[in-house]
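As the structure is a prediction and not an experimental result, all values here were calculated from the model. Below, chains carry the letters A, B, ... as their sequence lines are ordered, and counting in each starts from 1.
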Amino acid sequence: MMNQMHFLLPLAIAIPLGMGFILPLLGRKFTRLADVLANLTTASLVVLSVLLLISNVQLGKPAVYWFGGWQITASGTIFGINLVLDGLSALMITLVAVVSFAATLFSSRYMDQYTARGKYYGLFMLMITGMNGCILTGDVFNLYVFLEIAAVSSYALVAFGCERDELEAAFKYLILGCVASTFVLLGVVLLYAQFGALNMAQLGQRIASVEPTRGSILALLLLLSGLGVKAALVPFHAWLPDAHPSAPAPISAMLSGVLIKAIGVYAIIRVIFNVYGFTDQLGMTLMILGTLSMVVGVVLALNQWDFKRLLAYHSISQIGYVVLAIGLGTPLGILAGLFHLANHAIFKSLLFLSAGAVQYRTGTRQLDEMGGLAQRMPSTSRSCLVASMSIAGVPPFNGFFSKLLIIIACVQAGRWGFAIWAVIVSILTMASFMKVQKYAFYGKLKEKWAQIREVPLVMRYSMILLAVLCLAMSLLIVPGISAAVLEPARDALHQGVKGYQEAILVLLGSGG
Amino acid sequence: MVYTLCLLLFMIGLYGVLTQKNLIKIIIGLGIMEYAVNMLLIMVGYRHDGIVPILDRAMPLDEFLARAVDPLPQAMVLTAIVINVAVLALSIAIAMRLYQKYGTYDITEIRQLRG
Amino acid sequence: MTGMTVIVKTITRWTAALIFLYGAYLVLYGHLSVGGGFAGGIILACSYVIMILAYGGKETIHALPKAVAARLDSIGALAFLILASLGMFGGFFFSNWIRDIWPGQQFRVFSAGIIPLANIAIALKVCVSLFLIFFILASLRMTRKGDKIEFRSEEVD
């Protein structure tokens, strides 16, 4: 029975898409109903993704789903569009579901400050649709389409407040994002013009069958730079520190926690590992981009006094870690990178949610205006402390283990220079978060905050859920659990182009 | 040759996005870029002496397959156009809101966020 | 928008109906010939757009109120999704289950199973979306009072 689970694959896209159109219908009168429905949707997505994760482990090989039953014909021609569930997509889809569940739980009270709840949830669900589609699809043009669905709804969500900052950030984000998407589309077009295929596996086969031409390299560059903007790697990062803080807090959590990974990092590594094939040059490019992001992000973060802006700069820096580790190309490096990616999704969304909780009660994001909030908001402060220790890499929280693995992987691959940079950035991160804790939550309680209360219960629950996950995720280092979650994801990348093709291009009759 | 012209158009659009100061002109630049890609996409499916890829009763299947242009890029262009419409509408809406708040379309005067 | 002269209004009354008819034709025959949901939907929307231009927003909004249009927008998309999901009973998402039960004859109108139905759903969605985008952007008026700029929608809803 569990082997048939991949039959449910399209539901991961269909459920949020359907809710995305039902929720705006509810209008302004039924805001509580909209809350309940949105939370139910994300909860069902969590259940679905966990089922898919389990079935993927049991199946032991990628599951392929052909839309409309248009399977590969006996001669190997591909008519249909497919969805692919391998270890990596199962991991990513679970992350998206968990973070979006925490975010909807948080928004059910946080969004009381705004109007138009139905439209907010509608856009939110469309964003989840885009991300899930992006993760599951096995077709480069559909990758572009889903990427745009996720991106367009995120532009609208960044502008949701309709104030000066939000609009300016959203416009900047929109222009950069659109140029990036156009680059991606141009890359896809060039690939189609040369190889006559859109299916990733088939495309990989045809790319491998000929010498690299100028056109295919140009297409790769276009795809890399376009997706690099979405992932906010350093030369392309300018939009992120504006866009992420300006959005409402649950949206910031989604954007920083999963969006830049699902439509940026995930798409980059999918294209590099499973379509073009990993080479040392590409690995070096990724490592240099990663290290640059890591260092520049953290250095710019040190100087920030805006809580959310500081977090946004740290996102750039932590994504740098992920890209650096994956760029190593060794099995341990990829494992460490994916582990850090998963951890970052959890703790960064928790940090943004706690920043949102502080803003919800105090109305400010400036660190120097806060102070001593731990006395008035104990659970927020504690969960923020957990997240800060995770991101700074304090044992026994999850961030420690993944950073340790990344550094070990660097050393093992003989990249001492990168390892040293990783250590330095880790120390700077710690310093930056000590500043956050000191100014925001500890120290003397300022008089104007003497009367504030803790945030409402559901908001606390969503933060505590993520804080518990921060601790629990460090268990992923244990070999048995790692074998279930992280190793299939690593194998999906490490087997490279060949493994991916073998899984997808099974002829009719021999596979499912 | 024709492909080069498309890329040239793409570059013109990119130049517009990068150098113009007016929000609306930036959006127009974006549109030019997208149209350039769409034109390239259509040309990818071009075939000399091709016919419309619609199956007709009078046309034998073999001849149809030998002569029809590739319909897949056309479907892709349609999808890309739909996305562009959405992006265009959203960007115009944001630009109008920005004008409401700042009273100007000049991007050099809309600079509250820095750092 | 107050509308244009009598000549324009009279001609629009005739052409809008024809444009609407042409759009409907493209939608319904989209699976046999040129056209389809998107192209047909755009032309359907054009018939409304030309009415807005000739008669002004107030008159047109009676023909298609904004709240109704917003509902239809979601309903069109939902209908498409439901059609696709029903395919799961036929085996796969998007599988053409009607055609499996009732194949029909090639080159006839009722021959393509869910495709014409999907075209109608798409046309509905595209038509009202485009109408709404045009109407909302066209009916906004900016007024400047000192430093403050206000947006005001032309019609009262």
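With a threshold of 4.5 angstrom between heavy atoms, A:A193 approaches chain B through its backbone and through its side chain. In this structure, chain A has a heavy atom under 4.5 Å from the side chain of B:F10, while its backbone stays farther away. Contact annotation for B:L41: both backbone and side-chain heavy atoms come within less than 4.5 Å of a heavy atom of chain A. For a residue to count as touching a neighbouring chain, one of its non-hydrogen atoms must lie under 4.5 Å from one of that chain's; by this rule B:L98 touches chain A with backbone and side chain alike. Interface remark: B:L23 contributes backbone and side-chain atoms alike to the contact with chain A (heavy atom separation under 4.5 Å). With a 4.5 Å cut-off on non-hydrogen atoms, A:I149 does not touch chain B at all.
Looking only at side-chain heavy atoms (C-beta outward), A:V229 and A:F183 stay at 4.5 Å or farther from each other.
With sequence neighbours excluded, the residues satisfying side chain to side chain donor-acceptor pair (under 3.5 Å) with A:Y173 are A:S154. Residues that satisfy the ring pair (Phe, Tyr, Trp, His ring centres under 6.0 Å) test with A:Y121, not counting sequence neighbours, are absent from this structure. Residues passing the ring pair (Phe, Tyr, Trp, His ring centres under 6.0 Å) test with A:H314, sequence neighbours excluded: A:F433.
Top candidate by heavy-atom pairs under 4.5 Å with chain A, chosen from B:N84, B:L72, B:V82, B:I26, is B:L72. Between chain A and the options B:V17, B:D70, B:N38, the largest number of non-hydrogen pairs under 4.5 Å is found for B:D70. Top candidate by heavy-atom pairs under 4.5 Å with chain A, chosen from B:M33, B:M43, B:E34, is B:M33. Ranked by heavy-atom pairs under 4.5 Å with chain B, the first of A:D306, A:I175, A:L190 is A:I175. Interface remark: of the candidates A:C162, A:G196, A:A159, A:P245, A:C162 forms the most heavy-atom pairs closer than 4.5 Å to chain B.
For an aromatic pair to be called close, the ring centres must be under 6.0 Å apart, and A:F160 with A:Y120 satisfies this.
Under the 3.5 Å distance criterion, with hydrogens and angles disregarded, no donor-acceptor pair is assigned to the side chains of B:T104 and B:D106. There is no side-chain donor-acceptor pair under 3.5 Å between B:Q20 and B:Y15.
None of A:V188, A:L191, A:V189, A:N199 except one satisfies the side-chain contact (heavy atoms from CB on, under 4.5 Å) rule with A:F141; the exception is A:V188.
Under a 4.0 Å N-O distance rule, the pair A:D242/A:K172 qualifies as a salt bridge.
Remark: A:K230 is not positioned above the aromatic ring of A:W239, lacking an NZ or CZ atom under 6.0 angstrom from the ring centre and at most 45 degrees off the axis.
By a heavy-atom distance cut of under 4.5 Å, B:P73, B:M76, B:T79, B:A80 are the residues of residues 73-81 of chain B near chain A, going up by number.
Around the CG atom of A:N303, the shell of radius 6.0 Å holds no more than 12 heavy atoms that belong to other residues, nucleotides or ligands.
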